[in-house]
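The structure that follows is given in the form of structure tokens.
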Amino acid sequence: MTVFRTSIPQAPQEEPTLRLLEADGTRHPHEELDAAIADVTAEQMRGFYRDMVMIRAADLEATNLQRQGQLGLWASALGQEGAQIGAGHACRPHDYLVPTYREHGIAWARGIEPWRLLEMFRGVSHLGWDPKALKTHPYMIVLGSQVPQGVGYAMGIKRDGLVDTGDPDKDTAVLTLFGDGASSEGEVSEGFTWAASFQTPTVFFTQNNQWAISVPTSVQTRVPLAQRSRGWGIPSARVDGNDVLGVLAATRIAMDAARSGGGPRFIEAVTYRMAAHTTSDDATRYRPSEEEESWRQKDPIKRLGAHLDSLDEIDDDFVKSCEAEGHDLAMELHHHIHALPDPDPREMFEYVYAEPHPLIEEERAQFEAFQAQFEEDE
Ligand SMILES: Cc1ncc(C[n+]2csc(CCOP(=O)(O)OP(=O)(O)O)c2C)c(N)n1
Ligand SMILES: [Mg+2]
């Protein structure tokens, strides 16, 4: 069965969901997907397992820190670790990634330490990393904005002659991420048009985590999301997002196609947002706990663990060492965030324009006068 398809089945709901690992860890063969990850060793798979445990530990600690008043907000990626670690590791260091606000596993795979993300959610850092050096765009909250930006960047890559050179160290693609809810934004459709017209080296990657705050995916689309891009002639695939190996394989195939001049691809990774939308949301108000429970059975970490166990490639010591490392990471984050000094709030005026600007100066003066009201009388 071809991974990336261009046609819509007569009965659209028959769109297959590709996977290499079943929820219980059973490994399925799939010629094309298997070929894409033929080089992946057990050692690397244990690495993916550790990655997922680490980002989950960081994620849970970030939620705790928000509850302790140390972060303004946190958008949890709980449950989406398989999709993010799989997609993140399918990219090469010189590929460019355009994330949303929930890509903590993607960030981890790019070498961005979790404390950098937490500082941003605390409001003490505008961006904790150098997008040029790490080839990872800033987190963006504006839904769908990732798409035209990922397409524009890819147009630049193509014009720079970095596509289809035959040199794997040169050929470059862009991985652009957005959510199931964001797929309804006009920017996504516009981006698809440009990507198809100019055959840009862009891989669109949607984590269909079933919800856009309180709106279920069924409201965003009447057909499987994966089929959306086919109307533009952009080949697409639906893959089980909780299967890290399946996601890695599908994303590698898509990135390879894009890097070698095959044009854009679209991946719908079917997963689940196990936590609330953000720490400002209460998911119990709109979704039944049975739904969460049923997805807990499909957990990406347990799934890879079960597969490694069936290969006799994992033992209790390894699992415990990952958990201990996760605990240490959480403690490090806790101490780091608690020790951060409060920045001067006037700093926000420093980075609006490169040069001084009269309007900014006026606003700074207004802000200073406002703040002065709260200063205690001498
Ligand atoms: C253009 C725009 N409209 C509305 C919002 C408010 N908003 C933030 S997240 C969100 C839901 C997004 O859902 P989805 O795209 O499925 O991503 P998820 O949060 O599930 O990862 C909304 C409506 C926004 N950030 N940007
Ligand atoms: Mg969503």
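The first residue in the sequence is number 1, and the count goes up from there. Being a predicted model, the structure only gives us computed values, none of them experimental. First listed ligand is number 1; within each ligand, the first listed atom is number 1.
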* Looking only at side chains, do H137 and Y96 share a donor and an acceptor under 3.5 Å apart? -> yes
* Structure fact -> Closest to atom 23 (C) of ligand 1 by heavy-atom distance, out of N208, L143, T278, V142, is L143
* To do: Heavy-atom contacts with N209 under 4.0 Å: which atoms of ligand 1 show up? List them by number with element.
  => 18 (P), 20 (O), 21 (O)
* State yes or no: are the ring centers of F205 and F266 separated by less than 6.0 Å? => no
* Which atom of V223 lies closest to which atom of P12, heavy atoms considered -> CG1-CB, 4.0 Å
* Steps toward ring-ring contact (aromatic ring centres under 6.0 Å, His included) verdict (Y139, Y101) -> CA-CA 5 Å; Y139 267 16; Y101 42 85; 7.9 Å; no
* ligand 1 contacted by Y101 (non-hydrogen, < 4.0 Å) -> yes
* **Matching residue for E325 among R56, K320, R50 - test: salt bridge (Lys or Arg N to Asp or Glu O under 4.0 Å)** => R50
* Asked: Are the charged groups of D342 and R122 less than 4.0 angstrom apart, N to O?
  -> yes
* Numbering the atoms of ligand 1 from 1, which are under 4.0 Å from a heavy atom of G179? -> 14 (P), 15 (O), 16 (O), 17 (O)
* Which of the ligand 1 atoms, numbered from 1, are nearer than 4.0 Å to a heavy atom of R102 -> 18 (P), 19 (O), 21 (O)
* Asked: Which residue owns the protein heavy atom closest to atom 25 (N) of ligand 1, what's the atom, and how far is it?
  -> I141 O, 2.9 Å
* Polar side chain donor-acceptor pair, E292 to Y272, under 3.5 angstrom -> no
* Asked: Would you say ligand 1 has an N or O under 3.5 Å from any N or O of R273?
  -> no
* Asked: Mind checking whether I213 has an N or O less than 3.5 Å away from an N or O of ligand 1?
  -> no
* Asked: Does ligand 1 have any atom that is closer than 4.0 Å to a heavy atom of Q220?
  -> no
* Are R102 and H277 linked by a side-chain donor-acceptor pair shorter than 3.5 Å? -> yes
* Using distance alone, determine whether G181 and ligand 1 share an N or O pair under 3.5 Å. => yes
* Would you say the side chains of E119 and H336 form a donor-acceptor pair under 3.5 Å? -> yes
* Asked: Can you tell me which residue and heavy atom of the protein come closest to atom 15 (O) of ligand 1, and the distance to 0.1 Å?
  -> A182 N, 2.8 Å
* Structure fact -> Near E185 (heavy-atom distance under 4.0 Å), the atoms of ligand 1 are 1 (C), 3 (N)
* Asked: Which heavy atom in T206 sits nearest to a heavy atom in G179, and how many Å separate them?
  -> CG2-C, 3.8 Å
* Asked: Under 2.8 Å from the Mg ion (ligand 2), which protein atoms of type N, O or S occur, listed by chain and number?
  -> D180 OD1, N209 OD1, W211 O
* Are R346 and D344 within salt-bridge range, i.e. N to O under 4.0 Å? -> yes
* Taking only heavy atoms of H277, which atoms of ligand 1 are found under 4.0 Å from at least one of them? -> 9 (S), 10 (C), 11 (C), 19 (O)
* Asked: Do L127 and M140 belong together in a cluster built from hydrophobic side chains that touch within less than 4.5 Å?
  -> no
